[in-house]
Number of protein chains: 2
Amino acid sequence: MSDTDKPLVLVVDDEAAQRALLSYNLQAAGFRVLTAGDGEEALLVAVESPPDVILLDWMLPRVSGIEVCRQLKARAETRQAAVIMVSARSEEGDRVRGLETGADDYIVKPYSVNELVARVRANLRRVRPVAAGQVLKAGDITLDGERHKVSRDGQDLHLGPTEFRLLGALMERPGKVWTREALLDRVWGRDIHVDTRTVDVHIGRLRKALCAHGGADPIRTVRGAGYAIG
Amino acid sequence: MSDTDKPLVLVVDDEAAQRALLSYNLQAAGFRVLTAGDGEEALLVAVESPPDVILLDWMLPRVSGIEVCRQLKARAETRQAAVIMVSARSEEGDRVRGLETGADDYIVKPYSVNELVARVRANLRRVRPVAAGQVLKAGDITLDGERHKVSRDGQDLHLGPTEFRLLGALMERPGKVWTREALLDRVWGRDIHVDTRTVDVHIGRLRKALCAHGGADPIRTVRGAGYAIG
DNA sequence: GGGGCGCGTGACGGTTATGTGACGATGGTT
DNA sequence: AACCATCGTCACATAACCGTCACGCGCCCC
């Protein structure tokens with residue numbers, strides 16, 4: 001139940017001891033953790049159950065971390081995950097190459113566990129504020145990312161999964177006008193073949209849910225542009 | 001629709017791999033991307049559909065990047081685009097020569113994709129503030145590109161999509177007198193066949209909207225030339 | 001002063017974007 | 001197996017918006 005809500009971190013490292021250490025600490029910090037011992041396994045696992053954050057060791061047997069990162073960023077299921085490259089070297093060249101392939105952050109060994117967890121949190125908050133369990137507010141609407149609950153004026157509301165994610169996206173930046181394409185990217189995932197009008201329908205359902213106990217429509221339609229909240 | 005709103009970036013590089021990498025990352029960052037493999041192609045493409053930002057490799061076959069830049073800055077269609085020169089060398093001399101020919105920015109290989117995207121964004125803010133989500137002010141009028149909101153003296157105003165874009169164009173350069181043709185290019189998009197008088201009508205509607213809550217007409221008509229704001 | 005020209009503007013028909021109810025498909029649960 | 005919730009698509013209605021026209025006015029130049 002509340003287990004599926006927790007952010008999912010994938011740890012990719014060829015040393016079992018390292019995997020165990022990170023896994024333990026990350027779980028203690030409230031994340032679900034998957035592990036993989038090499039690049040191929042990492043790709044399989046990541047596609048199977050797409051993580052929110054991926055800790056990727058630079059040195060991997062067979063397939064290099066850099067290549068894994070490239071492939072992760074090329075797949076629809078894993079593209080929006082935050083990738084943190086972990087490296088034993090500190091050369092600037094590697095750093096540059098790591099970021100070039102699309103890594104979102106970079107951490108150099110040796111590091112403290114606290115620092116690592118902090119980095120994971122920071123990236124998570126950036127990529128998935130709702131999944132990070134933050135509480136968002138816009139006007140009289142409150143969205144609890146941890147409990148997956150939405151309330152208006154104290155009244156709890158019932159939303160479907162898609163409506164919840166849609167509202168989450170809108171509330172990440174109250175006032176910002178999202179195009180339908182941007183919302184499809186954010187809520188449905190990239191290159192999912194879904195008609196852009198589907199957004200309209202779900203906005204309609206979301207509106208109905210938000211106004212179930214009365215109150216004005218909090219969602220603003222901007223003709224020719226998209227939708228915004230607040 | 002919202003597609004026309006997205007900023008357009010032209011990538012000029014003779015290496016296909018480089019073009020693909022940049023293209024992918026820029027698209028992921030929300031830009032539309034065109035590519036060209038040499039200087040001649042770049043000029044053709046740029047005139048055909050004028051980009052907002054041009055990434056121009058220094059080393060190009062046949063025509064040098066510096067020459068392409070000069071020609072781009074000499075043409076009306078591409079003059080207002082931001083040109084970012086990309087160079088493998090780091091000599092100060094080249095940098096100076098690059099900026100002398102009219103390049104707006106300069107980036108040296110190797111660079112991280114994040115850095116590059118940041119540079120593109122920065123230049124875009126200068127060239128296309130509204131699409132970049134900037135907030136523009138002219139007198140007592142405020143236009144918020146991200147929220148698609150216009151207010152005067154604190155009062156929110158309601159504008160149609162075309163009026164919004166029209167006001168955006170005018171406010172990007174307060175005081176500048178725009179010809180009707182220039183506004184048609186900018187607001188309606190080129191290769192749209194629309195009567196130039198249509199501009200007048202929309203200026204009229206815009207005026208009405210801007211003065212809905214009182215205040216003087218902020219738009220100045222320059223007889224025989226066009227319109228300006230501020 | 002008169003004519004020409006450029007501009008402002010109200011009206012109007014056509015087009016487009018959006019709201020919304022209905023429907024079948026899907027997958028999980030009892 | 002039947003039920004329930006949710007999803008994506010479609011079709012239709014409607015309201016907002018657009019582009020054009022026509023008319024009238026004021027400015028400018030002769």
Side-chain angles (χ1 to χ4, degrees), chain A residues 1 3-4 49 148 150 157-170 177-212 216-229, chain B residues 1-5 148 150 157-170 177-181 183-212 216-229:
Chain A
M1 206 48 163
D3 222 39
T4 351
S49 37
H148 267 234
V150 177
L157 302 175
H158 177 71
L159 269 59
T162 306
E163 288 151 38
F164 181 81
R165 268 176 292 153
L166 180 56
L167 180 60
L170 291 176
V177 175
W178 296 76
T179 67
R180 291 169 173 74
E181 286 88 354
L183 287 172
L184 280 179
D185 270 11
R186 197 65 132 100
V187 178
W188 277 259
R190 285 192 198 232
D191 33 61
I192 301 290
H193 76 292
V194 169
D195 196 280
T196 77
R197 289 302 311 278
T198 301
V199 177
D200 296 350
V201 177
H202 278 273
I203 286 282
R205 288 168 179 164
L206 181 54
R207 276 182 168 136
K208 182 180 286 186
L210 289 175
C211 299
D217 180 6
I219 298 179
R220 182 167 60 104
T221 301
V222 180
R223 195 160 245 265
Y227 299 98
I229 203 167
Chain B
M1 357 207 137
S2 67
D3 220 42
T4 344
D5 298 354
H148 275 245
V150 177
L157 304 176
H158 178 71
L159 271 59
T162 306
E163 289 152 36
F164 181 81
R165 271 176 289 157
L166 180 56
L167 180 61
L170 291 176
V177 177
W178 295 76
T179 67
R180 291 167 174 73
E181 287 79 6
L183 286 173
L184 280 179
D185 271 11
R186 195 73 147 88
V187 176
W188 276 257
R190 60 189 48 240
D191 54 53
I192 300 288
H193 72 293
V194 170
D195 196 279
T196 69
R197 290 301 312 277
T198 301
V199 177
D200 296 354
V201 177
H202 277 273
I203 286 282
R205 288 168 180 164
L206 182 54
R207 275 180 169 137
K208 180 180 287 185
L210 289 175
C211 299
D217 180 7
I219 298 179
R220 183 165 54 100
T221 302
V222 181
R223 198 179 173 80
Y227 300 98
I229 202 167

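Each chain gets a letter, A, B and so on, in the order its sequence line appears, and its residues count up from 1.
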[X] [atom1] to [N] [atom2]: how many Å, rounded?
{"X": "B:E181", "N": "C:dG6", "atom1": "CD", "atom2": "P", "value": "12 Å"}
{"X": "A:D195", "N": "C:dA17", "atom1": "CG", "atom2": "P", "value": "13 Å"}
{"X": "B:R197", "N": "C:dG10", "atom1": "CZ", "atom2": "C1'", "value": "13 Å"}
{"X": "B:I203", "N": "C:dG8", "atom1": "CD1", "atom2": "P", "value": "8 Å"}
{"X": "A:D217", "N": "C:dT20", "atom1": "CG", "atom2": "C1'", "value": "14 Å"}

Might you list the N or O atoms of the protein lying below 3.5 Å from N or O atoms in nucleotides 24-27 of chain C, with each pair's distance?
none

For [X], which contact category applies under a 4.0 Å heavy-atom criterion: base, sugar-phosphate, or nothing?
{"X": "A:Y227", "result": "sugar-phosphate"}
{"X": "B:V199", "result": "nothing"}
{"X": "A:R207", "result": "sugar-phosphate"}

Is the shortest heavy-atom distance from the side chain of [X] to the side chain of [Y] under 4.5 Å?
{"X": "B:V199", "Y": "B:L184", "value": "yes"}
{"X": "A:W188", "Y": "A:T198", "value": "yes"}
{"X": "A:V177", "Y": "A:R220", "value": "yes"}
{"X": "B:R207", "Y": "B:T221", "value": "yes"}
{"X": "B:I203", "Y": "B:L170", "value": "yes"}
{"X": "B:D185", "Y": "B:E181", "value": "no"}
{"X": "B:L167", "Y": "B:I229", "value": "yes"}

**Item:** Between the first and last five pairs of the helix from C:dG1-D:dC30 to C:dT30-D:dA1, the angle of the axes, rounded to 10 degrees
**Value:** 20°

**Complete:** Comparing nearest nucleotides in DNA chain C, the 5'-proximal residue of the pair B:R205, B:R180 is B:R180

**Item:** Contacts of A:R223 that satisfy side-chain contact (heavy atoms from CB on, under 4.5 Å) - sequence neighbours left out
**Value:** B:P161

**Message:** Check the phosphate of C:dG10 against B:K208, side-chain N and O only, distance under 4.0 Å to OP1 or OP2. Yes or no?
**Reply:** yes

**Request:** Determine: side-chain N/O of B:T221 to OP1/OP2 of C:dG6, distance under 4.0 Å, yes or no.
**Result:** no

**Asked** Who are the salt bridge (charged side-chain N to carboxylate O under 4.0 Å, His left out) partners of A:R165, not counting sequence neighbours?
**Response** none

**Request:** Using the test ring pair (Phe, Tyr, Trp, His ring centres under 6.0 Å), find all partners of B:F164 that sit at least two apart in sequence or belong to another chain.
**Result:** B:H148

**Asked** Mind checking which nucleotides bracket the chain B contacts on DNA chain D, 5' to 3', with an atom under 4.0 Å from a heavy atom?
**Response** D:dC17 to D:dC27

**Fill in**
A:A209 and A:E163 have their tightest heavy-atom pair at CB-OE1, 4.5 Å

